[in-house]
Number of protein chains: 2
Amino acid sequence: MPNIREVASRAGVSVATVSRVLNHPERVSPKTKEHIEAIMKELDFSPNVFARSLNLKRSNTVALVIPDIVNPQYMEIARGVEQVAHEKGYNLLLCNTEKNRVKEQDYIRMLIDKKIDGIILAFTLLQEQDFDEIRRKNIPLVLFGQNILNENINSVYSDFREGAFLAVSHLINLGFRKIAYIGGDSDHLENRDKTLGYTEALLSGGLTVSKELMIEGADDVDSGYLAALKLLKLTPPPDAVFAANDLMAMGAVDALKTEGLRIPEDISVIGYDNIRMASLLEPKLTTVSWPVYKMGLISARILIDEVESEEDNPQAQNIYLRPRLKIRKSCGHETRVSEIFDQPT
Amino acid sequence: MPNIREVASRAGVSVATVSRVLNHPERVSPKTKEHIEAIMKELDFSPNVFARSLNLKRSNTVALVIPDIVNPQYMEIARGVEQVAHEKGYNLLLCNTEKNRVKEQDYIRMLIDKKIDGIILAFTLLQEQDFDEIRRKNIPLVLFGQNILNENINSVYSDFREGAFLAVSHLINLGFRKIAYIGGDSDHLENRDKTLGYTEALLSGGLTVSKELMIEGADDVDSGYLAALKLLKLTPPPDAVFAANDLMAMGAVDALKTEGLRIPEDISVIGYDNIRMASLLEPKLTTVSWPVYKMGLISARILIDEVESEEDNPQAQNIYLRPRLKIRKSCGHETRVSEIFDQPT
DNA sequence: ATGAAAGCGCTAACAG
DNA sequence: CTGTTAGCGCTTTCAT
């Protein structure tokens, strides 16, 4: 593996000149530049990134920390982030916390030690003070999918409270009165926000909030299945259920159908996320959509801009994208369904 | 940020000693070791990875190169790999090629330049000669999900030809005669293997292979949908369809149902992969399962073992895990369905 | 068991 | 426009 010294000597120049064609090509005369480049090609030379990083104190690598690598919604984030990172010549370190607070903290520690250029924390389980070290070391940080904890931290988020409110209000408008809720893991702030949206919608619709209608799931298909089974034990059972994500909604639909109920004739189901699969379910799932992929792109752009900016304390950005109701077939009401389907989306 | 020199001077020892407690603790007297460790803690010192890597020529980072970050099956690989990498103190660089041969080559080039410690190539689009550079630089490499191209390259794979054979034979045993095939992107070797399995099963079942029954999809839900629509135009239409993955199978089911067909009464569908969603479909999808997650774990272990081994040319491993038929409800035959469902899985 | 010193390969300040 | 040179922070001989 040739190094810069070898290139220099073969080209009959100093290492500084070679380094210059690598980093400031404009400061080298076109002739020597071409010559040196030819030699680089010939020797198949590529600069040693470690030495480079040691000097520059940058790794050209950013990290995405996510709770669950197999959740398709989270992977949409990764797709967006990877896209931008690759475009801009950065590498993407993927950190899967498995919703484990300790693993998340470990990872952050490790990322700081590694002198990562920037970090995107998606749906973090951590508190503001846990970011202190990141901020103290001036490592650019973007919080994804999180309500603003602090205006001084970059965040790209969608209002999950509002989304839940939308979903439940839709159910109420449809005429349902006993609306169950399968919530996500309440360790996550966005799930607590959804719960808020659920109760607010109930209240503002003149309904009462009942603990027995609220079950906490674990964000996956199976817990949705189990929760629905539990809800069916109530007498009378709920006439509609709002699940905090599509995965749980799909599990619930599966359970409901297994128990012989028809959807939406006997019971309505509404989800959250609008994952691709949600539209393949029978019946196609009504859900709340929010622009994950786009938010992934945006997060990465904000992050990398900040990495590359000279400023020490750039103004934090708080980007906010709205959720939207996606009406399909899994909710309905005998007398009102046509009326609803005629309304614009 | 304190460096090793500062730790040394505060501890009243030389940098060499500090370095030793980091790398060869046994070569330092317990007393001084403890003392130095205390000072490290006090100063919150952690060694600079760039300097370290520059010396050691290792990055403690491995890469996973996959064709499609949103395919749940591929993400299962990532889950396994991340698990092991994290356990062993390695970072995981995620490279999404979007099934783009050029992007894949770019990535490999970049990984080599980055002096990555090891690479797992999942369902690569590349040819054996494309790995030359990786092997020349002695970078440990594991091919995932690939038939052996070369016994000297580590590979962890499942026999997709056999899996397809299993699936189609099942259909034939069920009594179907006109069996369509929605293949995956034929740029991928594993999809060509599935095609092989399909035709072999047909032939060994005494059926003929017909081009018009074979459609090439793009491994996603939508292309399955489109393919099924096309197949329905045939007269008579096929009585069963084998899709090369569950995503396409799900798309096909969607199309078939939309066109008013009942599954399995009017037409049977069988998929491949056994993704979680496949069991939520109505009817639950019969499919071929193979142990992706486990294969991810294994790949990472082989890779990291090789990274950490002293040997220059360790014996390559070729691990092989069998696919298995997962019989559910989406295939059936009026007269034989009960008979089939009584047979052991 | 410990220390001195020579790099690892590169960048950038400084000098010309 | 180009060359000289001093680090970046660490690991590792080679001495002692």
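Chain identifiers are assigned alphabetically (A, B, ...) following the order of the sequence lines, protein sequences preceding nucleic acid strands; residue numbering begins at 1 within each chain.
- Interface residues of residues 33-53 of chain A facing DNA chain C, ordered by number: A:F45, A:P47, A:N48, A:A51, A:R52; criterion, heavy-atom separation under 4.0 Å.
- Between the CE atom of A:M1 and the C1' atom of C:dC10 there is a distance of 15 Å, rounded to whole Å.
- Residues passing the salt bridge (charged side-chain N to carboxylate O under 4.0 Å, His left out) test with A:E98, sequence neighbours excluded: A:K103.
- Across B:D187 and B:R192, no two heavy atoms sit closer than the pair O-NH1, 3.2 Å.
- If you check every strand for non-hydrogen atoms under 4.0 Å, A:V28 touches sugar and phosphate atoms only.
- Taking each heavy atom of B:N318 and B:S155 in turn, the nearest pair found is OD1-OG, 2.8 Å.
- Along DNA chain C, the nucleotide closest to B:E26 and the one closest to B:K57 are compared, and the more 5′ of them pairs with B:E26.
- For the OP1/OP2 pair of C:dT2 and a distance below 4.0 Å, the side-chain nitrogens and oxygens of B:S29 include at least one atom meeting the criterion.
- Taking atom NZ on B:K115 and atom C1' on C:dC10, their separation rounds to 12 Å, with Å as the unit.
- A search for ring pair (Phe, Tyr, Trp, His ring centres under 6.0 Å) contacts involving B:H86 returns A:Y107, not counting sequence neighbours.
- First and last contacting nucleotides of DNA chain D toward chain A (any atom under 4.0 angstrom from a heavy atom, 5' to 3' order): D:dC1 to D:dG9.
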Atom pairs and distances, side-chain donor-acceptor, residues 42-50 of chain B, under 3.5 Å, sequence neighbours left out:
{"unit_1": "B:D44", "atom_1": "OD1", "unit_2": "A:R109", "atom_2": "NH2", "d": "2.9"}
{"unit_1": "B:S46", "atom_1": "OG", "unit_2": "A:D113", "atom_2": "OD1", "d": "3.0"}
{"unit_1": "B:N48", "atom_1": "OD1", "unit_2": "B:F50", "atom_2": "N", "d": "2.7"}
{"unit_1": "B:N48", "atom_1": "OD1", "unit_2": "B:A51", "atom_2": "N", "d": "3.0"}

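- In plain terms, the two heavy atoms of A:A11 and A:I36 that are nearest each other are CB-CG1, 4.1 Å.
- Using a 4.0 Å heavy-atom distance criterion, A:V18 is classed as making no nucleic acid contact.
- Separating the CG atom of B:L54 from the P atom of C:dG7 is a distance of 14 Å, rounded to the nearest angstrom.
- In this view, B:S53 satisfies the side-chain hydrogen bond (donor to acceptor under 3.5 Å, both in side chains) rule with no residue, not counting sequence neighbours.
- More than 12 heavy atoms of other residues, nucleotides or ligands sit less than 6.0 Å from atom CZ of A:R101.
- With sequence neighbours excluded, the residues forming a side-chain contact (heavy atoms from CB on, under 4.5 Å) with B:H188 are B:P67, B:K99, B:F123, B:L125, B:D185, B:E190, B:N191, listed by chain and number.
- In the helix from C:dA1-D:dT16 to C:dG16-D:dC1, the rotation axis of the first five pairs and that of the last five pairs differ in direction by 30°, rounded to 10 degrees.
- Listed by first and then second residue, the side chain to side chain donor-acceptor pair (under 3.5 Å) pairs involving residues 291-304 of chain B amount to none (not counting sequence neighbours).
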Please produce a list of atom pairs where a protein N or O lies less than 3.5 Å from an N or O of nucleotides 12-16 of chain C.
{"unit_1": "C:dA12", "atom_1": "OP2", "unit_2": "A:H24", "atom_2": "NE2", "d": "3.2"}

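- For the salt bridge (charged side-chain N to carboxylate O under 4.0 Å, His left out) condition, the pairs that include at least one residue of residues 67-77 of chain A, sequence neighbours left out, are A:E76-A:R79.
- In terms of the side-chain hydrogen bond (donor to acceptor under 3.5 Å, both in side chains) criterion, residue partners of B:E308 (sequence neighbours excluded) are, by chain and number, B:Y90.
- A salt bridge does not link B:K41 to B:E37: none of the charged side-chain nitrogens sits closer than 4.0 Å to a carboxylate oxygen.
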